[in-house]
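Every number for a ligand or one of its atoms is a count from 1 in the order of the listing. Everything quoted here is computed from the prediction, not taken from an experiment. Quick note: numbers below take in every heavy atom, side chains included, and nothing from hydrogens, waters or symmetry partners.
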Amino acid sequence: MTLTNHPFDSLNTNGRSFREHPKVVLTIGGADPTGGAGIQADLKTFQHFGVHGLSIVTAVTVQNTSGVISTNSVSAELVHAQLAALANDIKIEAIKIGMLTTADVVRVVAEFIAAQNVPTVLDPIIASSNGVRFLDEDAIEILKEQLLPLSTIVTPNLPEAEVLTGLTIVTDDSIIHASLRLHDMGAKAMLIKGGHSEGEESRDLFYDGLGIEWISAPRSIRQAHGTGCLLSSAIASCLAKQLPLRHSVLAAKEFITSMLDRAMPLGSGQEIFQYPPLALN
Ligand code: PXL
């Protein structure tokens, strides 16, 4: 039995060729017209990891590389309809949650995650890096109560970890303290990203309720747009491929570290990640 040239063709143990079904990952988040963050960046990351990306949009943002100008939320009803249409049709292996907006949208997403019961990465985005608010104040409470305990891992940066825990985070000890607080709040595992702190290394804290581990990489001088989106969608891709959680986090950290060298200026503001073109044969 000869293989055809299709990249998804494999041989099974009987030597027969079969076409492998791609793993499917869903991202739930905002649309970023620059392609650097949000669901556009997630889809490119999924492609890079060889999984098929589904995407449902929670908000349309108006932005360019200089920053977010405004956002417009999609209604909770429309978010629900998008999720239901996909789930009725396609088996989803993992989910990444990015930009959410209102308390009602967070409730709809939490209900969906509870029903799907697949590995879920929660990137708890509250505002854009230039300070435009994404997540409503009352939605933060619903996210903490309903979504945090349902997620396989939550990936806050330091300002987000401060909002979620109510703690001031400056020192390593305070990051550890925040991780224990998040665990008490129901988070099963977390990667608290140190990208907003100083120092030669970019150090993230990984805690899965068992052991605390610092994951370090050389700090890049580059400040690219969408770093958190790439990291969380890379973790979701690896979880869809059934890699263990710690493995998935390490692979995602390695990926984002290598991608930082690939960021390029497209406009007058932040740099945008560039993916290598697909090698077609
Ligand atoms: O990087 C966080 C983020 C996520 N999702 C969308 C965004 C941003 C930042 O601007 O626009 C849609």
Side-chain angles (χ1 to χ4, degrees), residues 25-46 48 53-75 78-79 82 95-102 105-106 109 120-136 139-140 143 147 151 153-164 191-196 202 204 220 222-237 252-253 255-257 259-260 262-275:
V25 186
L26 166 67
T27 178
I28 300 171
D32 171 5
T34 72
I39 58 174
Q40 285 87 349
D42 295 340
L43 289 173
K44 286 185 261 186
T45 306
F46 295 154
H48 175 85
L54 307 176
S55 56
I56 79 107
V57 65
T58 57
V60 173
T61 68
V62 177
Q63 62 179 302
N64 56 28
T65 63
S66 295
V68 177
I69 297 152
S70 63
T71 78
N72 204 328
S73 296
V74 168
S75 71
L78 199 45
V79 169
Q82 292 179 80
I95 300 170
K96 177 239 153 124
I97 303 168
M99 176 181 179
L100 299 177
T101 53
T102 64
V105 165
V106 178
V109 171
T120 298
V121 182
L122 172 62
D123 190 13
I125 300 157
I126 294 169
S128 71
S129 50
N130 67 322
V132 173
R133 188 166 192 114
F134 288 162
L135 188 64
D136 291 349
I140 296 177
L143 181 139
L147 213 40
S151 301
I153 183 166
V154 59
T155 61
N157 59 28
L158 296 181
E160 289 157 356
E162 286 191 334
V163 171
L164 293 177
L191 185 71
I192 303 181
K193 298 171 293 189
H196 284 67
S202 154
D204 304 335
S220 172
R222 317 289 279 276
Q223 279 290 335
H225 175 58
T227 312
C229 298
L230 267 68
L231 183 73
S232 52
S233 50
I235 298 172
S237 304
K253 179 77 175 169
F255 163 70
I256 192 66
T257 305
M259 282 300 281
L260 281 166
R262 292 183 161 273
M264 304 260 289
L266 291 185
S268 55
Q270 280 189 305
E271 297 189 350
I272 303 288
F273 290 110
Q274 301 301 313
Y275 287 74

Which heavy atom of D32 sits nearest to which heavy atom of Q40, and what is that distance?
N-OE1, 2.8 Å
Quiz question: by atom type and distance under 3.5 Å, do the side chains of D123 and T155 form a donor-acceptor pair?
yes
Identify all pairs of nitrogen or oxygen atoms, one from ligand 1 and one from the protein, separated by less than 3.5 Å, and list them with distances.
{"from": "ligand 1", "atom 1": "11 (O)", "to": "Q63", "atom 2": "NE2", "distance (Å)": "2.6"}

Apply the side-chain contact (heavy atoms from CB on, under 4.5 Å) test between L266 and each candidate in I272, N64, T34; give the one that qualifies.
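Checked I272, N64, T34 against L266; only one passes side-chain contact (heavy atoms from CB on, under 4.5 Å): I272.
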For V121, does its backbone N or O pair with a side-chain atom of S232 as donor and acceptor, under 3.5 Å?
no
Do I97 and L147 have side chains that get closer than 4.5 Å, going by heavy atoms?
yes
Distance in Å, T120 OG1 paired with K96 NZ, rounded so as to fall on 0.5 Å steps
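Output value for this atom pair is 12.5 Å.
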